Amino acid sequence: MNPAVTANPFQTLGVPESMDLSTEQVESAALAMSVRFHPDAAGGDTNSEAMLAGVNHALGVLRNPETRAIALLELRGGPSASQDRTLPDGFLADMMEARERIEESVNADNRAEIERWKAWARARRAVHEGRVAELFRASGDAGSLRCIRHELNAWRYIERLIEQLP
Amino acid sequence: MAYGPKIIDHYENPRNVGSFGTQSEIKTRKDVGVGLVGAPECGDVMQLQIKVNDSTGVIEDARFKCFGCGSAIASSSLATEWLKGKSLDDAERIKNTQIVEELSLPPVKIHCSVLAEDAIHAAINDYRAKNGLSPAAPGSAAASIAPSR
């Protein structure tokens with residue numbers, strides 16, 4: 001089977017199955033693949049359009065670190081978001097407190113304070129992203145795959161918080 | 001999205017918002033059970049507190065705080081109304097489908113009612129754990145929910 005039509009986005013772009021990919025690395029791999037499958041270069045290959053669609057899809061998945069992590073966890077056989085909704089210990093209590101204080105800042109229209117919360121949320125996202133990358137580098141046992149899912153759940157939560165901040 | 005009148009009513013006039021003390025107080029108060037649940041895919045966080053009469057086992061009062069969409073707020077607001085005056089065993093039998101029906105929640109918002117049901121069970125379990133009571137008997141509603149919730 002041609003690599004571009006497999007369900008594995010890492011194979012599709014010919015990059016290592018790893019969290020440790022730069023945006024540039026993913027984009028240049030996608031560019032090389034799309035040149036290869038461009039209808040003008042593919043010599044009338046009727047599949048070239050499907051190949052290109054596959055490359056574009058893989059690019060979308062792997063360029064974003066969160067969807068890259070989700071794809072990698074799925075490949076390693078880890079739990080999906082609906083299979084394991086657990087959040088790391090203490091996470092919800094932190095979020096409840098943060099949400100309360102954010103609401104106070106918003107009600108007081110304290111822009112400086114809201115900006116501080118945005119910076120806080122971005123730093124928090126970086127923490128979860130870092131933990132996910134670290135866990136993928138370590139052993140791939142079932143326990144660590146579950147931990148990755150919990151960190152990903154927290155990461156998703158923080159992304160939603162960032163979207164919702166005014 | 002078109003919200004039904006009951007959701008809008010609970011959203012605009014949420015019942016029993018608040019807390020029976022600071023976070024550290026409610027953690028140690030033995031007459032208060034606290035359930036804290038969240039939904040990563042929405043960014044919702046919901047805290048439900050029940051104040052239980054320890055001689056009768058009846059929920060005398062309830063409070064909630066919810067950061068989330070209108071349906072999540074309405075579901076938890078309604079839950080506090082329903083919890084008051086119920087025994088722990090009866091409270092445990094509240095099903096998310098009853099909340100869906102009462103509020104006419106649209107299908108895409110059913111998970112908000114599930115969150116409220118999870119919060120009820122978490123609050124009851126917290127009260128029981130604080131008071132050395134055994135969790136729900138096998139076959140009861142709380143014993144049959146998924147462990148990851």
Side-chain angles (χ1 to χ4, degrees), chain A residues 66-67 69-70 73 78-107 114 117-118 120-122 124-125 128-129 132 142-143 145-166, chain B residues 11 14 17-29 32-49 63-73 76 96 108-123 125-126 129 145-149:
Chain A
E66 189 192 1
T67 48
I70 293 167
L73 186 61
S80 70
S82 55
Q83 284 167 338
D84 188 346
R85 301 156 60 89
T86 314
L87 288 156
D89 280 347
F91 180 83
L92 279 174
D94 285 358
M95 285 308 116
M96 184 52 104
E97 198 195 333
R99 289 274 186 175
E100 281 179 341
R101 292 172 56 195
I102 289 167
E103 190 177 66
E104 284 166 21
S105 310
V106 171
N107 288 343
I114 295 167
W117 279 112
K118 284 185 183 171
W120 174 85
R122 285 192 294 265
R124 196 73 208 225
R125 167 169 64 190
H128 293 297
E129 185 177 345
V132 166
L145 293 180
R146 267 200 306 277
C147 285
I148 292 171
R149 169 43 61 197
H150 302 169
E151 290 296 331
L152 272 169
N153 289 347
W155 187 351
R156 180 88 296 264
Y157 197 101
I158 296 288
E159 294 287 358
R160 293 292 289 146
L161 176 65
I162 291 170
E163 281 168 32
Q164 288 162 9
L165 281 170
Chain B
Y11 177 72
V17 174
S19 175
F20 293 121
T22 63
Q23 290 298 316
S24 64
E25 280 165 1
I26 56 167
K27 218 176 250 179
T28 48
R29 271 186 75 164
V32 173
V34 185
L36 182 60
V37 294
E41 60 277 20
C42 328
D44 288 359
V45 56
M46 184 187 286
Q47 188 186 59
L48 193 68
Q49 302 176 21
R63 294 278 186 280
F64 87 97
K65 277 184 201 173
C66 177
F67 296 93
C69 67
S71 300
I73 291 168
S76 38
N96 83 292
V108 293
K109 291 293 180 182
I110 285 171
H111 64 274
C112 299
S113 68
V114 174
L115 203 59
E117 188 188 313
D118 290 347
I120 293 172
H121 291 143
N125 289 341
D126 181 57
I145 62 164
S148 64
R149 288 262 167 86

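Nothing here was measured: the structure is a model prediction, and the numbers come from that model. The sequence lines fix the lettering, A, B, ..., with proteins before strands; numbering per chain opens at 1.
- Contact record, B:Leu36 with A:Ala93: CD2-N, 3.4 Å, taken as the closest heavy-atom pair.
- B:Pro40 and A:Leu87 make their closest contact through CG-CD2, 4.0 Å (heavy atoms, listed as atom of the first residue, atom of the second, distance).
- Shown here for A:Met96 and B:Gln47, the closest heavy-atom pair between the two residues is CE-CB, 3.2 Å.
- For the pair A:Tyr157 and B:Val45, the tightest heavy-atom approach, listed with the atom from each and the gap, is OH-CB, 3.0 Å.
- No more than 12 heavy atoms of other residues, nucleotides or ligands sit less than 6.0 Å from atom OH of B:Tyr11.
- Within a 6.0 Å sphere centred on CG of A:Asn107, other residues, nucleotides and ligands contribute more than 12 heavy atoms.
- When each of A:Arg160, A:Arg85, A:Arg156 is checked for a salt bridge (charged side-chain N to carboxylate O under 4.0 Å, His left out) with B:Glu41, only A:Arg85 meets the rule.
- The structure places CD of A:Glu100 at 8.0 Å from OG of B:Ser19, a figure rounded to the nearest 0.5 Å.
- Of the listed residues (A:Glu163, A:Met95, A:Glu103, A:Glu159), the greatest number of heavy-atom pairs within a distance under 4.5 Å of chain B belongs to A:Glu103.
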